[in-house]
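Below, chain A is the first sequence line, B the second, and so on; all start at residue 1. Not measured: the values here are computed from a predicted model.
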Amino acid sequence: MTERHQTLQSIEEHWQAVWEEQKLYKASEEPDAQEYYCLEMLPYPSGRLHMGHVRNYSIGDVVARFKRMKGFNVLHPMGWDAFGLPAENAAIQNKIPPEEWTQRNIAEMRAQLKRLGFSYDWDREIDTSQPEYYRFTQWLFLKFFERGLAYRKRATVNWCPSCQTVLANEQVVAGECERCGTSVTSKELEQWFFRITDYAERLLANLDKLEGWPERVKTMQRNWIGRSEGVEIRFPLAGRDGDLTVFTTRPDTLYGATYMVVAPEHPLVPELIEGQPHADEVRAFVERVKQQDEIVRAAEDRDKEGIDTGAKCINPATGEEIPIYVGDYVLMGYGTGAIMAVPAHDTRDFAFAKKYGLPIRRVIAPAGGVEGELTEAYVDEGIMVNSGEYDGLPSTEAWERIADWLEAQGLGRRKVQYRLRDWLISRQRFWGAPIPIVYCADCGIVPVPEDQLPVLLPKSAHFEPSGRSPLVDAPEFVHAECPRCGGPARRETDTMDTFVDSSWYFLRYCDPRNDKQPFAREKADYWMGVDQYIGGVEHAILHLMYARFFQMVLYDMGLVGVEEPFVNLLTQGMVLKDGAKMSKSKGNVVDPNHIIEKYGADTTRLFVLFAAPPERDLEWSDTGVEGCYRFLNRVWRLAEEWIPKVADVSPTGPGTEVEGPHHEIRGLLHRTLAKVTSDIERFHLNTAISAIMELVNGVYAYKERPDADPRVIREILEHLALMLAPFAPHLAEEVWHRMGMRESVHRNPWPEVDAKVARVDEVTMVIQVNGKVRSRITVPRDLDEESVRERALSDPKVVEQLNGKSVKRVIVVPGRLVNIVVG
RNA sequence: GCCGGAGUGGCGGAAUCGGCAGACGCGACGGACUCAAAAUCCGUUGAGGUUCACCCCUCGUGUGGGUUCAAGUCCCACCUCCGGCACCA
């Protein structure tokens with residue numbers, strides 16, 4: 001093993017050097033060529049690549065190399081999502097500046113990517129933490145600000161006590177910090193937001209147009225956006241002015257609203273309890289609920305709690321006075337923070353009404369009629385009852401009629417409600433793009449003028465976590481001059497969420513060295529949208545929705561010509577070991593470096609492509625890697641043995657006729673080529689590889705024939721190099737050159753299938769009797785149905801099976817099977 | 001609870017349209033080469049049955065029904081696992 005291993009190693013490093021020197025993968029805008037933008041999600045420079053990266057980038061590299069050979073002008077870039085917390089944590093722990101730590105990691109990981117031989121255009125490499133990049137992140141912030149899409153407000157926000165910063169809703173997963181897993185608490189703070197909710201409808205509607213996206217991801221985004229149609233209804237307060245507005249998706253149940261519930265944080269609460277006998281108790285309850293953790297309050301099977309405010313309002317449909325409760329199951333963050341409670345037809349209201357002895361009135365009867373007392377809420381559609389003039393109507397119709405009536409009375413209006421919240425983008429951290437804003441005592445919030453960008457991060461800062469940005473303690477950063485009045489001013493010390501950086505990087509790749517603009521429109525027009533985007537499904541909501549939002553805003557600003565950034569999306573599965581995701585805490589991490597060292601880049605890549613289809617999770621297997629290594633060596637030995645013998649031979653090809661076994665092996669070659677081509681196109685990379693393996697197995701048998709035709713073997717070797725090029729680029733290149741080729745195999749066009757050669761002349765057809773396989777016959781491919789039928793019926797095994805029974809029916813599937821139905 | 005995806009040999013996985021279930025790889029077993037081993041090459045390998053002299057039979061794709069000449073694939077009901085959302089009114 002060691003000697004051969006040495007050879008493969010030196011092959012890889014040799015070709016990597018050659019490719020780099022020749023800038024083989026450099027992309028430029030060529031108006032006449034068909035462009036293809038192949039993009040993989042850029043990594044965070046955490047230190048070293050993990051197997052998930054290797055898998056992601058191996059898949060992308062197959063696509064890029066294949067499309068290049070197919071004649072496309074391919075853009076295949078790579079860069080670094082280099083801002084982020086780990087760098088700052090490293091600074092705190094090891095006293096290394098974040099910049100230095102980050103650059104060190106980038107250097108390491110870049111070397112790993114190069115060692116794996118991925119076909120990136122390194123001249124387009126970007127680093128989001130460099131001023132050349134983040135000045136335009138800041139520029140885009142200013143544009144958002146100009147358009148009213150970036151704004152500041154005081155709000156209850158998610159706070160991660162460990163990261164010491166606020167988080168966007170999307171970054172809270174099951175009540176925990178997406179990054180570190182710490183339970184998230186809430187804080188009331190003044191923060192910067194992006195008005196993504198303005199785009200909720202478009203973000204949702206456009207999903208239907210994204211035919212190249214997995215249904216799964218689209219569903220996740222739809223759920224996240226959470227559109228629902230309903231009516232906002234004003235309930236007049238009893239015995240005083242004012243009213244309480246609620247949002248409901250069930251106006252048809254209005255007659256069944258027997259009480260109201262408001263969120264503890266609802267602004268009307270103090271007013272409602274003013275002068276009420278139990279005001280102090282209500283106040284105490286509200287305080288207690290507010291203290292509770294978000295997660296505790298949102299916990300699944302938690303008993304709902306509430307208290308009567310003493311205030312009442314009037315149900316506009318029935319004219320009844322109904323009580324107003326404060327309840328912990330109503331959230332201030334959704335709708336109006338108040339609900340009309342219909343216990344008969346809502347499970348939550350039902351539980352609450354039971355607990356506090358509130359009236360339950362059925363207003364919708366199931367189709368089968370009403371029997372007995374309600375034991376649980378009836379939430380389905382039905383026929384209206386106890387609803388005045390609407391009785392007897394189907395509830396769906398009453399929905400519309402009641403909504404009409406409310407609108408006519410000025411008591412309500414139809415409304416579309418979204419679950420999506422605005423994107424909280426400010427972070428109380430150092431290692432991010434500073435928000436380009438200055439606070440002036442006289443002028444207020446003043447944007448930094450474009451010509452003063454970038455707002456640079458100071459060279460040094462104190463990184464002890466304090467719950468506020470380390471920038472606060474960097475006086476040279478904080479002290480500023482007001483751009484408007486020239487007076488003393490204070491610079492914004494929060495930095496931007498790193499998801500802002502990665503929401504437009506794919507545009508920067510189109511024009512990465514532009515120092516005047518984020519990118520030139522014509523370059524973006526040439527390359528965008530991304531023809532194939534590849535990454536982990538964990539970004540289904542976060543990154544993929546933010547990036548879509550950015551693209552839409554930029555589209556509205558006229559900076560780009562397409563509304564959606566990613567035409568086709570492939571979400572790759574995780575890399576598992578022993579059935580679990582690789583993680584340091586489980587101690588099941590396989591370091592790509594070790595595998596590359598032991599087997600080389602080609603083997604490493606081949607294994608992650610072969611062991612599972614890209615979309616599925618991949619179970620790591622050491623012996624599986626061995627198998628791939630064996631296969632590549634098998635190819636290598638075949639080449640070593642035969643290249644000397646075919647050096648001066650011209651290969652068989654279009655127009656050459658060979659017969660018998662020679663024709664057969666050529667047939668296998670061309671059928672393999674057809675399968676590999678279509679398999680790559682539909683991302684069945686594992687079966688593409690297995691097809692090549694089968695071909696190699698076939699050639700191993702063929703080459704042992706005393707009459708093996710060198711011309712045929714030459715044709716096979718050439719095609720083998722071409723087919724392997726996307727999967728094992730180094731070995732393919734070596735074999736290719738050893739056959740005397742001058743140009744790179746990666747510059748060669750993808751070969752064409754010779755359909756005539758690929759076609760099989762004889763096919764084996766299965767003969768079934770009553771659906772059970774009883775025999776097989778070999779027939780000429782195009783034999784007509786009648787003859788097939790005759791041959792099948794006269795087959796000895798079939799005759800034996802028929803044995804006097806009468807043939808009722810014969811089904812012939814051309815080229816496949818015959819089914820004889822007997823009685 | 002709602003939404004999405006998946007259940008196939010000892011293991012990873014194949015099977016474009018409803019048409020030979022288990023391609024390819026791993027593992028295992030047997031053989032060749034070798035003084036021996038490694039490497040390599042060649043075979044066998046779903047389970048059970050049968051004089052496996054390679055012929056043949058039965059069963060078999062999570063479970064139970066169904067449609068069909070024919071079902072891993074389509075339909076109905078259910079079970080298990082994974083992912084997302086979850087007091088969203």
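Side chain of T336(A) to main chain of T245(A): a donor-acceptor pair is present (N/O by atom type, distance under 3.5 Å, no hydrogens or angles). Formation of a donor-acceptor pair under 3.5 Å by the K304(A) side chain with backbone atoms of A351(A) is not found in this model. Judged purely by atom type and a 3.5 angstrom limit, W224(A) has no side-chain atom pairing as donor or acceptor with the backbone of L542(A).
OP1 or OP2 of rA15(B) has at least one side-chain nitrogen or oxygen of H684(A) nearer than 4.0 Å.
If you take atom C1' in rU61(B) and the same atom in rA14(B), they sit 12 Å apart, rounded to whole Å. Only the P atoms considered, rU16(B) is 24 Å distant from rG4(B), to the nearest whole Å. Taking the P atoms as reference points, rC42(B) lies 34 Å from rG62(B), given to the whole Å.
rC54(B): glycosidic angle beyond 90° from 0, hence anti. Look at rG9(B): its glycosidic torsion is within 90° of 0, and that puts it in the syn range.
One interatomic measurement links the two molecules: CE of M220(A) to P of rG4(B), which rounds to 13 Å at whole-angstrom precision. Between I225(A) atom CD1 and rG4(B) atom P the separation is 16 Å, expressed in whole Å. The NZ atom of K797(A) sits 8 Å away from the C1' atom of rC55(B) (whole-angstrom rounding).
For T249(A), taking side-chain heavy atoms from C-beta onward, the closest of the listed nucleotides rC55(B), rA89(B), rG84(B) is rA89(B). You'll find that the side chain of T219(A) is closest to rC3(B), out of rC3(B), rA15(B), rC41(B). Listed nucleotides rA89(B), rG84(B), rC41(B) differ in distance to S228(A); the shortest reach to its side chain belongs to rA89(B). Distance from the side chain of R637(A) is smallest to rU40(B) among rG4(B), rU40(B), rA15(B). With distances taken from any side-chain atom of D328(A) to the nucleotides rA86(B), rA15(B), rC87(B), the minimum falls on rC87(B).
Within the nucleic acid shown, K772(A) comes within 4.0 Å of sugar-phosphate atoms alone, with no base atom in reach, counting heavy atoms only. Within 4.0 Å (heavy atoms only), R774(A) reaches sugar-phosphate atoms of the nucleic acid but no base atom. No engagement by K218(A) is indicated, since no non-hydrogen atom pair under 4.0 Å with the nucleic acid exists. Nucleic acid contact for P214(A): none, since no nucleic acid atom lies under 4.0 Å from a heavy atom of the residue.
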Handout entry: B/S/- contact track for nucleotides 45-54 of chain B, protein heavy atom under 4.0 Å
Key = ----------
Practice task
Would you give a per-nucleotide map of nucleotides 19-30 of chain B, 5' to 3', where B means the base has a protein non-hydrogen atom under 4.0 Å away, S means only the sugar-phosphate does, and - means neither?
Solution key: BB--BBSSS---
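With the nearest nucleotide of RNA chain B identified for both R216(A) and R250(A), R216(A) has the one nearer the 5' end. Each of R616(A) and R809(A) was assigned the nucleotide of RNA chain B with the nearest heavy atom; the assignment lying further toward the 5' end belongs to R616(A).
Between E201(A) and R227(A), at least one side-chain N (NZ, or NE/NH1/NH2) sits under 4.0 Å from a carboxylate O, which counts as a salt bridge. Looking at K218(A) and E211(A), no side-chain N of the basic residue comes within less than 4.0 Å of a carboxylate O on the acidic one, giving no salt bridge. The pair E400(A)-R414(A) counts as a salt bridge, with a side-chain nitrogen and a carboxylate oxygen less than 4.0 angstrom apart.
Side-chain contact of N315(A) with Y255(A): a donor-acceptor pair under 3.5 Å is absent, judged by distance alone.
F499(A) pairs by the ring-ring contact (aromatic ring centres under 6.0 Å, His included) definition with Y546(A), not counting sequence neighbours. Not counting sequence neighbours, R421(A) has no partner by the salt bridge (charged side-chain N to carboxylate O under 4.0 Å, His left out) test. Shown here are the side chain to side chain contact (heavy atoms under 4.5 Å, CB included) partners of D617(A), two or more places apart in sequence or in another chain: M574(A), L576(A).
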Practice task
Decide side chain to side chain contact (heavy atoms under 4.5 Å, CB included) for Y599(A) and L632(A); before the verdict, give the C-alpha distance in whole Å, the side-chain angles of both, and the deciding distance to 0.1 Å.
Solution key: CA-CA 10 Å; Y599(A) 302 103; L632(A) 290 179; over 6 Å; no
Exercise for the section: Go ahead and write out RNA chain B as dot-bracket, 5' to 3': ( ) for pairs within the strand, [ ] for ones crossing earlier pairs, | when the partner sits on another strand, dots for unpaired; Watson-Crick or G-U wobble, both distances under 3.5 Å. Expected result: (((((((..(((......[....)))((((((.......))))))((((......))))..(((((..]....))))))))))))....
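Between F631(A) and F610(A), the ring centre distance reaches or exceeds 6.0 Å.
In this pair, Y356(A) and Y325(A) present their aromatic rings tilted. The plane angle is within the 30 to 60° band.
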